[in-house]
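Just so you know, these numbers use all the heavy atoms, side chains as well, and skip hydrogens, waters and symmetry mates.
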Amino acid sequence: MFFLTEDLVVEILARVSDYRCLIQCSLVCKRWFSLIFHSQYFRGRCFHHHNENKSQSSLPCTLLFRDCHSYDFDSPKCPSYDLFSKASKILHGQSSTSSSSSKYLDFLGWQNPIIRASDKDLLLVQRTLQQFYVCNPLTKQSVALPEAPPCNVKHVSYGFVCESNSNTTSITGSIIKYRVVLLTLTGPLVFRRTIFSFSSEKGEWKESKFPFPFLRIQEKRAVAYNGVIYWQLLFTYEQWELIMGFDPFEEVEKKAWRLIRFPEGYGCGTEQQTSGETCIGVVRGRLRLWQSFRCRERLGEFTLKAWERSLSHDTWLLVKDVAVKLSAGLFSEIMNVICLHPEDGDVFFFSHKDADYEDEGRGIYKYRIGEDSCFGKVCDFMDVTHRPVCNIRVFPLVHPWLPTKIPALPCIERVEPSYLRI
Amino acid sequence: MSSSSTTTTTTRLLMLKASDGVTFEVEEAVATKLGAINNMVEEEGSEDLICLPNVNGKFLGMVLEWCKKHANNNTNSDKGNDEVNKWWDKEFVMDLDQNTLYHLLMAADYLSGTELVDLLTEKVASMIRGKKVEEIRETFKIKSDFLPGQEEEIRKKNSWAFE
């Protein structure tokens, strides 16, 4: 083959669904190369096909499980596990996904890269107290941020959010703007907080005031969704009632913050049930809130409820309300929902661990609604200590068809005429 | 010919003549699945014999086979038919060798059979997916025409995709 007309070659290549393979195609011959990288028409057809398929198929995703008890810059690599979806394995290629120990972030070149947050296919990684990087682990691109203001590492909540700028999307990768947010305690007052946010266009850290000094924030529950960072708030002991949203792209401070009430019916199980863990996450581009209810008498089961935030009306919709039967050897009282599947609303992950138990059931499990008593073990529990609290954090990456390109930072030290800047 | 009407529906028959002289008699509803034929038929005073000098009889036959299946199944449109069509399409492209695929694709494109082009380009794309450069070149018998050094440069730029 292939003396096909240009239009037909375009149609064929535009249907090659993963970007890794498209790069391979670009090397086949000059004609394919120039079509893939230089043809406006080809780009248009690609986006057409990918938007068409979006509703049917899910994007490749990768879940990075990290035990954050060991989050220490000087310690050896923290216990970790990387889970690649089938499509993600194809996208990453054999060599990156086949090894059992996690080598995913080795390209950064230092011992213990500490993941702080994720959005789309990008990660916010910390190297030292004041040194942060934004990286795309698929394309192995990383950009070092200017030194961050010093914060007490024990009292910081990290946020990272990016926004794609559709005007600058090219076939070599969509270009974005992003924000890094450090929500930190300052001074001796426990509830006094300051916000430091970093803007990719300005290349600077900026300090601003936190408008809700009375709120307590659960730091491990921050998610980025639709250009906004959301935190679960801790009002009273173990009672989750509000979600706080911060839009760091919003210039007007008053408009940047919002508080969202939990859905009606939240916390209401049956009489014998006690409310368990709450978890927020993003599933197929929508904000979801999960809650599990366990029953003291029946440790072999629990109830799961999930609400989804509608985009158009600011309301919650109950989307799941299911009774889950556990497999033999698993107990609801030592089970915590730790993550939602970013592309499949029926799948969730939980940890199974207790300080007193040394049984074989310890581990991270995947469960799909509807498949009762069918819990797939993802990996062993990474935390070898006997602490009762589960401190596993999961950073989901959802890989868009075009890998996100991290823009170079503007140079701010040197004073140059603007036309000389990159 | 078209004046011969039956009590149920009037079915106009068209004669399609391929480049090698082979002719096919098909119902209008079948042939108009192809955009090019549809255009010709819609022109007023069109004849019932249509010559297609760019398509060989073998491939025209296959294209028409596809049209027939889809025209029949489209008449009563329920969801089950969609599944049948999909299954049939899958069978249709499953064992096509490259030469046939190539000529069929050219024919479908020439005759503006959009749905068939979709099906065939998807088939070719599926032959590319998951393959490396060398494998793609071998599959489609394409020779690299990059200058020495050019290929290495592109590889370097996108090294992650070649690991």
Side-chain angles (χ1 to χ4, degrees), chain A residues 1-34 36-37 45-46 48-49 52-53 86-87 89-98 103 106-107 135-142 171-173 403 405, chain B residues 54 86 93 96-147 149-163:
Chain A
M1 249 180 194
F2 251 170
F3 303 100
L4 289 172
T5 62
E6 193 130 307
D7 282 0
L8 286 176
V9 178
V10 164
E11 281 306 310
I12 291 164
L13 293 179
R15 282 162 207 269
V16 171
S17 43
D18 75 287
Y19 195 68
R20 183 188 189 82
C21 187
L22 201 60
I23 300 270
Q24 302 277 340
C25 289
S26 75
L27 259 191
V28 166
C29 60
K30 277 183 177 172
R31 184 187 183 203
W32 287 23
F33 179 82
S34 67
I36 290 169
F37 287 113
R45 291 305 294 163
C46 276
H48 170 80
H49 282 296
E52 216 169 45
N53 292 336
K86 206 173 152 195
K89 268 187 191 162
I90 294 171
L91 187 62
H92 284 83
Q94 277 292 313
S95 60
S96 334
T97 54
S98 55
K103 288 183 177 165
D106 283 3
F107 73 95
C135 71
N136 185 330
L138 172 66
T139 58
K140 302 191 172 160
Q141 189 203 357
S142 71
I171 200 71
T172 49
K405 208 171 177 179
Chain B
N54 284 332
K86 261 187 200 158
V93 294
L96 293 180
D97 64 81
Q98 249 195 68
N99 188 43
T100 316
L101 188 57
Y102 168 72
H103 287 286
L104 206 52
L105 188 50
M106 294 293 272
D109 186 44
Y110 168 71
L111 296 165
S112 314
T114 325
E115 286 170 68
L116 183 56
V117 170
D118 283 347
L119 176 69
L120 296 170
T121 46
E122 177 57 43
K123 165 74 182 175
V124 182
S126 76
M127 292 161 73
I128 293 176
R129 279 183 210 128
K131 287 202 169 81
K132 293 191 174 127
V133 194
E134 296 77 16
E135 295 166 321
I136 301 169
R137 279 187 198 142
E138 207 187 300
T139 308
F140 299 114
K141 311 266 182 307
I142 300 172
K143 274 202 179 133
S144 167
D145 53 357
F146 285 106
L147 297 173
Q150 268 182 337
E151 193 176 323
E152 280 62 44
E153 202 181 309
I154 303 166
R155 272 180 200 269
K156 236 191 205 163
K157 251 187 174 172
N158 301 289
S159 59
W160 65 272
F162 298 99
E163 276 164 16

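- Not counting sequence neighbours, the partners of D109(B) by the side chain to side chain contact (heavy atoms under 4.5 Å, CB included) test are T5(A), L8(A), V117(B).
- In the displayed structure, K131(B) atom NZ is contacted under 6.0 Å by more than 12 heavy atoms of other residues, nucleotides or ligands.
- Between G130(B) and C21(A), the closest heavy-atom pair is N-SG, 3.8 Å.
- Ring geometry for W160(B) against Y19(A) counts as parallel: the plane angle stays under 30°, on a 0 to 90° scale with 60° as the upper cut.
- For E11(A), the side chain to side chain donor-acceptor pair (under 3.5 Å) partners at least two apart in sequence or on another chain are R15(A), R45(A), H49(A).
- For residues 150-157 of chain B, the interface with chain A (any heavy-atom pair closer than 4.5 Å) comprises Q150(B), E151(B), I154(B), R155(B), sorted by residue number.
- In this structure, chain A has no heavy atom under 4.5 Å from any part of K123(B).
- In terms of modelled atom types and a separation under 3.5 Å, the side chain of R129(B) and the main chain of V16(A) share no donor-acceptor contact.
- With rounding to the nearest 0.5 angstrom, the CH2 atom of W32(A) is 4.0 Å from the CD1 atom of I128(B).
- With a 4.5 Å cut-off on non-hydrogen atoms, L13(A) touches chain B through its side chain but not through its backbone.
- Between atom CZ of residue R20(A) and atom CG of residue N158(B) there is a gap of 11.0 Å, rounded to the nearest 0.5 Å.
- Residues F146(B) and V28(A) approach most closely at CE1-C, 4.2 Å, considering heavy atoms.
- Qualifying side chain to side chain donor-acceptor pair (under 3.5 Å) partners for N136(A), counting only residues two or more places apart in sequence or in other chains: D121(A).
- Contact count against chain A (heavy-atom pairs under 4.5 Å) is highest for A161(B) among S144(B), A125(B), A161(B).
- Heavy atoms only, all atoms of each residue included: M106(B) and L4(A) are closest at SD-CD2, 3.4 Å.
- Between the side chain of R137(B) and the main chain of L27(A), a donor-acceptor pair closer than 3.5 Å is present.
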